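A short write-up of the structure that comes next.
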Amino acid sequence: MARFPLRRAPRRAGPSIDDRVRDLLSRMTLEEKVGQLVQYSSREDMTGPASGSSITPQLEKGEVGSMLNVVGAAETRRWQQIAVEHSRLHIPLLFGLDVIHGYRTLFPIPLASAASWDMARIEQAEHIAATEAAAAGIHWTFAPMVDIARDPRWGRIAESAGEDPFLGAAVARARVRGFQGDGSFAGTDRVLACAKHFAAYGAAQAGRDYFTTDVTERVLRDVYFPPFQAAKAEGVATFMAAFNDIDGTPCSANPFLLDQVLRREWGFKGFVVSDWGSIEELRAHGNVADIREAALKAFNAGLDMDMENGAFGPHVAEFVRTGKVSLARLDQAVGAILAAKFRLGLFEDPYRFSDEQRQAALLLAPAHLEAARDLARRSCVLLKNKDAVLPLKTSGLKVALVGPLADAPLDQVGTWHAKADKNDTVTVRAALEKVYGAGLRYARGCETQGDDRSGFAAARAAAAASDVVVLALGEDVFQSGESTSRASLDFSGPQIALLEELHRAGKPIVLLLMAGRPLLLEKIEPMVDAILVPWHPGTMGGPAVADVLTGAYNPSGKLPISWPRSVGQIPLFYAHKNSGRPEPLRPKDPYFSRYIDLPNSPQFPFGFGLSYTSFVYDQLRVSAPVLTESGALTVTVRVRNIGRRAGEEVVQLYVRDRVGSVTRPVRELKGFQKIELAAGEARDVAFSLTPADLAFWRADMTFGAEPGDFDVFVGPDATASLTASFKLD
Ligand code: GLC
């Protein structure tokens with residue numbers, strides 16, 4: 001972590017934040033209070049005539065509480081001056097931005113870093129992101145995105161931690177800690193975080209972004225809520241409502257979500273911001289007749305801040321005057337927003353985050369780039385390594401580097417690339433040229449889209465003149481992220497044709513799959529000797545890939561999602577129910593839950609990832625045959641590295657509740673530990689289980705465990721077969 005004298009908030013002796021909020025509220029007019037509910041975006045770069053300046057009069061009247069997409073120490077200072085120096089009460093603005101996987105130093109996309117299963121490094125990455133964003137005047141990031149995603153057709157799976165509530169909750173906690181630290185905001189290296197998109201946005205029907213979700217309350221609570229609960233437990237300062245409707249009610253005006261669950265059950269005291277336009281979209285949902293009704297419904301449901309809707313600003317004061325909105329409700333929303341500003345020390349020093357010297361010193365600091373490289377290599381997942389074709393020798397080897405992702409500085413960093421400059425990216429090509437020099441032959445081969453095959457000849461020639469082909473295929477930056485749902489998960493454009501062409505050259509092929517989601521490998525897998533998934537690995541993705549390809553780093557990534565064989569299997573996830581006719585109930589009997597044209601199983605299971613060494617698991621035991629209601633039991637397994645080099649392994653613990661008052665998943669992740677073992681080293685790995693770990697939403701919609709028989713499975717992925725059992729009393 002790069003160091004710079006943190007501009008410490010002046011010591012805040014004297015009245016508490018609550019007292020200061022109450023005092024300020026007592027001095028605010030109704031219009032000034034409503035102004036705090038309003039967030040506008042910067043409409044264009046401040047170097048041009050700011051069309052956003054149309055909001056200057058509102059700023060000067062103190063009728064804007066926050067802005068998003070204004071970045072840079074100078075620009076944020078400029079807007080802040082207008083708000084603070086011209087308004088009557090000098091209330092500072094909050095500046096928000098989507099810092100999703102880094103600000104200027106871009107880390108791997110969130111789906112990739114989740115594949116590292118390394119919570120400490122994920123936390124460090126978000127601390128660095130916060131440090132750089134805060135140095136650029138940002139107070140608040142619209143992250144972490146903690147949506148459970150079980151449908152790779154949905155482009156925003158790239159922003160998620162994948163399919164599993166337990167892993168998703170662990171990642172959510174790590175990201176919030178990284179952004180907010182201890183929540184004191186004493187320094188200027190942390191920002192407010194935002195758990196989004198509340199809720200079940202990833203359950204969109206047909207995998208189509210913004211589309212309807214229809215999940216039961218039990219699935220909401222068992223699957224989609226846990227990462228949000230984890231973020232709340234970690235002290236996340238804000239939530240963002242999702243675009244979708246759930247069971248007929250849009251999230252932005254959903255009192256069950258925003259009031260009942262978030263505030264009454266979970267005790268959340270921060271504030272909830274709409275997603276961009278999501279209040280106004282209640283009209284398109286067909287849930288209200290006009291924006292005035294949308295504003296009333298959303299505000300009374302518990303939505304606090306209006307992101308670019310133009311809904312709260314024009315209407316809430318009238319609602320209060322006419323009794324449609326209580327003053328208490330208004331003060332609750334405004335108070336939560338003001339409290340966030342007090343926490344950041346903005347009333348003492350509105351410009352403490354807008355420091356051009358700190359910005360110049362911290363963005364792209366060498367320590368940040370090294371951390372990005374380290375996390376990127378730990379996020380790479382090795383799916384195939386036939387005849388140990390990897391790692392590659394670093395001398396005496398001629399390498400053909402081919403493919404549209406090999407030298408793709410913008411595509412490599414992936415979606416939501418904040419204020420990255422593509423010139424900062426170190427591409428795979430640049431990194432491998434550094435390793436192989438003249439021994440590297442590069443040919444782009446084709447693009448990710450279109451059908452231009454004119455580059456095939458040069459690619460074929462490069463392969464013919466080389467010992468091995470490294471082929472970088474996948475998705476470009478416009479094929480991943482928001483509003484990029486795909487009906488097909490095939491490699492787009494002529495990428496497969498390029499592979500087939502190279503396959504005919506008869507050289508070993510190492511596939512680099514650089515994308516924001518799983519792409520289908522069934523047809524491809526037989527044609528390649530190795531498959532490495534760096535995903536979209538960020539600014540330092542090139543050196544990270546080179547570290548793994550050459551063995552400078554032994555890959556340790558594990559899939560945070562089940563890898564489908566076909567789109568027809570989706571939604572596909574390991575923690576599925578057993579059904580009444582599971583396979584292979586009666587192997588000879590065809591009447592069980594199956595496809596007649598494909599296995600049920602994924603191509604690669606959740607939690608899967610190879611290493612350059614091998615691990616074996618044995619000696620699984622539980623500390624007691626019975627777990628009592630107030631007790632705990634320990635599950636221990638022996639893991640051995642039987643290879644010739646050190647390596648890291650993510651040891652995973654799954655639990656099955658054999659019988660429940662409602663049907664239960666065939667197994668659920670309940671623990672994981674990433675360990676490093678030297679060649680030949682063996683180690684006992686222990687997990688503790690308590691009844692709380694076995695709790696679920698039961699038939700009567702109460703939360704808790706139920707007595708009965710349980711199985712545990714420990715191993716390297718969700719198909720772990722080493723098993724033991726215990727009884728819960
Ligand atoms: C977008 C996204 C949300 C983001 C917001 C501000 O539509 O849905 O994740 O934080 O708008 O950019």
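Keep in mind it's a predicted model, so treat the numbers as computed, not measured. All heavy atoms count here, side chains included; hydrogens, waters and symmetry mates do not. Whatever order the structure lists ligands and atoms in, that order sets their numbers, starting from 1.
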For ligand 1, is any non-hydrogen atom under 4.0 Å from Glu308's backbone (N, CA, C, O), its side chain (CB onward), both, or neither?
neither
Mind checking whether His197 has an N or O less than 3.5 Å away from an N or O of ligand 1?
yes
NZ/NE/NH1/NH2 to OD/OE distance under 4.0 Å, Glu163 and Arg150
no
Does Met307 come within less than 4.0 Å of ligand 1, judged by its heavy atoms?
yes
Any nitrogen or oxygen of Lys196, side chain or backbone, less than 3.5 Å from one on ligand 1?
yes
Does Lys558 pair with Asp164 as a salt bridge, N-O distance under 4.0 Å?
no
Would you give the length of the straight line joining atom CD1 of Ile246 to atom CG of Leu220, rounded to the nearest 0.5 angstrom?
4.5 Å
So is there a nitrogen or oxygen of Glu159 less than 3.5 Å from a nitrogen or oxygen in ligand 1?
no
By number and element, which atoms of ligand 1 are closer than 4.0 Å to a non-hydrogen atom of Phe142?
10 (O)
Can a donor-acceptor pair be found, under 3.5 Å and without considering hydrogens, that links the side chain of Ser485 to the backbone of Gly207?
yes
Glu132 with Arg104: basic N within carboxylate O range, under 4.0 Å
no
For ligand 1, is there an atom lying under 4.0 Å from some heavy atom of Trp416?
yes
Run the ring-centre check on Phe95 versus Trp79 and record whether the distance is less than 6.0 Å.
no
shortest atom 6 (C) of ligand 1-to-protein heavy-atom contact is with Asp98 OD2, 3.3 Å
